[in-house]
There are 2 protein chains.
Amino acid sequence: MSAAIGQLELIVLLTVARRGDDAYGLAVRRDLSERTGRDYSIGAVYTTLQRLEDKGLLRSKATDPLPVRGGRSRRLFKLTAAGARAMREAERIATSVWAGIPSTIRLEHA
Amino acid sequence: MSAAIGQLELIVLLTVARRGDDAYGLAVRRDLSERTGRDYSIGAVYTTLQRLEDKGLLRSKATDPLPVRGGRSRRLFKLTAAGARAMREAERIATSVWAGIPSTIRLEHA
DNA sequence: TAGATGTATCTATTTTGTAGAACAAATCGC
DNA sequence: GCGATTTGTTCTACAAAATAGATACATCTA
């Protein structure tokens with residue numbers, strides 16, 4: 001069984017997957033904020049991306065600079081086969097742990 | 001916005017919620033293994049339960065010792081109102097981050 | 001009373017999460 | 001041309017969560 005990944009690692013992985021061919025640090029960070037409703041620091045995102053690459057779940061390559069203001073080279077990330085497997089595994093676990101939990105949670109007394 | 005909880009913290013919280021009135025350390029640990037397909041050490045589970053109580057998401061009380069072999073007192077955990085809110089919040093985020101991710105993940109080339 | 005069993009606590013370490021300053025490369029406007 | 005501005009990444013440090021496993025405890029059984 002492959003090593004489990006962390007919570008932020010998973011969210012970042014999903015975000016990279018969703019962005020497809022346009023997954024680079026700052027864009028991932030923006031998506032993250034939208035989806036989760038909270039802000040992540042620059043550092044949080046980049047270190048996580050780096051860790052995912054170290055684990056072999058992502059790989060990256062640099063793009064050519066763009067002819068626009070601030071258009072420096074981007075580091076584009078992409079899922080590896082292992083990354084896709086990690087996603088499926090995470091999905092399986094998420095489905096399992098949430099199963100049988102009613103959407104509206106009640107307390108008998110509080 | 002309340003502080004986010006960790007991955008294992010969430011799974012433990014859900015497990016306690018599901019067990020209702022019979023949520024104590026070792027039982028939670030067994031459920032965890034079944035749901036996730038992996039083993040958690042004793043320490044992993046208890047420290048997580050303790051953290052959740054410290055955060056006010058769970059509360060606990062000791063039972064009387066049971067008249068069975070190994071029947072020492074159990075520590076029963078229960079969701080607090082804050083714990084229930086944390087669950088809902090986690091559910092909202094999980095739904096959001098998984099949205100649009102196809103169940104079958106494909107790689108264009110690998 | 002020694003061993004088995006089911007339970008909880010304690011201690012230490014590794015892995016993840018988090019922040020933000022520093023650095024880099026491009027355009028814009030004067 | 002060159003400083004200001006913009007978009008992007010790297011580096012460094014620290015806090016929080018995850019994890020393991022030894023130890024302690026209470027009860028039955030033989």
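Being a predicted model, the structure only gives us computed values, none of them experimental. First the proteins, then the strands, lettered A, B, ... as listed; each starts at 1.
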TODO: Please confirm whether A:R38 makes a cation-pi placement over A:Y40, using NZ or CZ under 6.0 Å from the six-membered ring centre and within 45° of the ring normal.
DONE: yes
Compare the minimum distances between each of [options] and the side chain of [X], then state the nucleotide with the smallest one.
X: B:P65; options: C:dT18, C:dG20, D:dA26; answer: D:dA26
X: B:T47; options: D:dT19, C:dA19, D:dT6; answer: D:dT19
X: B:E9; options: C:dA8, D:dA18, D:dA20; answer: D:dA18
X: B:R75; options: C:dA8, D:dT12, D:dT6; answer: C:dA8
X: A:I42; options: C:dT7, D:dA20, C:dA21; answer: C:dA21
X: A:R38; options: C:dA19, C:dT7, C:dC28; answer: C:dA19

Open item on the list: Looking at B:R51 and D:dA17, is any side-chain donor or acceptor paired with a base atom of the opposite kind under 3.5 Å?
Closed with: no
Open item on the list: Whether the side chain of B:R72 and the base of C:dT7 hold a donor-acceptor pair under 3.5 Å is what I'd like checked.
Closed with: yes
Open item on the list: Nearest heavy atom decides the nucleotide; on that basis, is A:P67 or A:L10 closer to the 5' end of DNA chain C?
Closed with: A:L10
Task: Residue whose nearest DNA chain C nucleotide is more 5′ - A:G70 or A:G43 - done: A:G43
Once you apply a heavy-atom cut-off of 4.0 Å, does [X] come out as touching a base, just sugar-phosphate, or nothing?
X: A:Q7; result: sugar-phosphate
X: A:G25; result: sugar-phosphate
X: B:L8; result: sugar-phosphate
X: A:G6; result: sugar-phosphate
X: A:R29; result: nothing
X: B:S73; result: sugar-phosphate

Is the distance from OP1 or OP2 of [N] to the nearest side-chain N or O of [X] less than 4.0 Å?
X: A:R74; N: D:dG8; result: yes
X: A:Y40; N: C:dA19; result: no
X: B:R30; N: C:dT7; result: yes

Atom pair distance, as rounded to whole Å: [atom1] in [X] and [atom2] in [N]:
X: A:D39; N: C:dG20; atom1: CG; atom2: C1'; result: 14 Å
X: A:D31; N: D:dG8; atom1: CG; atom2: C1'; result: 16 Å
X: A:I11; N: D:dA17; atom1: CD1; atom2: P; result: 15 Å
X: A:Q50; N: D:dT12; atom1: CD; atom2: C1'; result: 14 Å
X: A:L26; N: C:dA26; atom1: CG; atom2: P; result: 16 Å
X: B:Y46; N: C:dT11; atom1: OH; atom2: P; result: 17 Å
X: B:Y24; N: D:dA26; atom1: OH; atom2: P; result: 18 Å
X: B:L49; N: D:dA18; atom1: CG; atom2: P; result: 12 Å

Open item on the list: Looking only at side-chain N and O atoms, does B:T63 offer a donor or acceptor that is under 3.5 Å from a partner on B:R74?
Closed with: no
Open item on the list: Is a donor from one side chain sitting under 3.5 angstrom from an acceptor on the other, for B:S33 and B:D39?
Closed with: yes
Task: Residue whose nearest DNA chain D nucleotide is more 5′ - B:D64 or B:I5 - done: B:I5
Task: Verdict with reasoning, A:K78 to A:V16, per side-chain contact (heavy atoms from CB on, under 4.5 Å) - done: CA-CA 7 Å; A:K78 202 170 185 177; A:V16 168; 5.7 Å; no
Task: Donor-acceptor pair, side chain of A:S96 and main chain of A:R92, under 3.5 angstrom - done: no
Open item on the list: So which atom in A:G56 and which in A:T80 form the shortest heavy-atom distance, rounded to 0.1 Å?
Closed with: O-OG1, 2.6 Å
Open item on the list: Between B:L76 and B:V68, is there shared hydrophobic-cluster membership here, with clusters defined by ILVMFWY side-chain heavy atoms closer than 4.5 Å?
Closed with: no
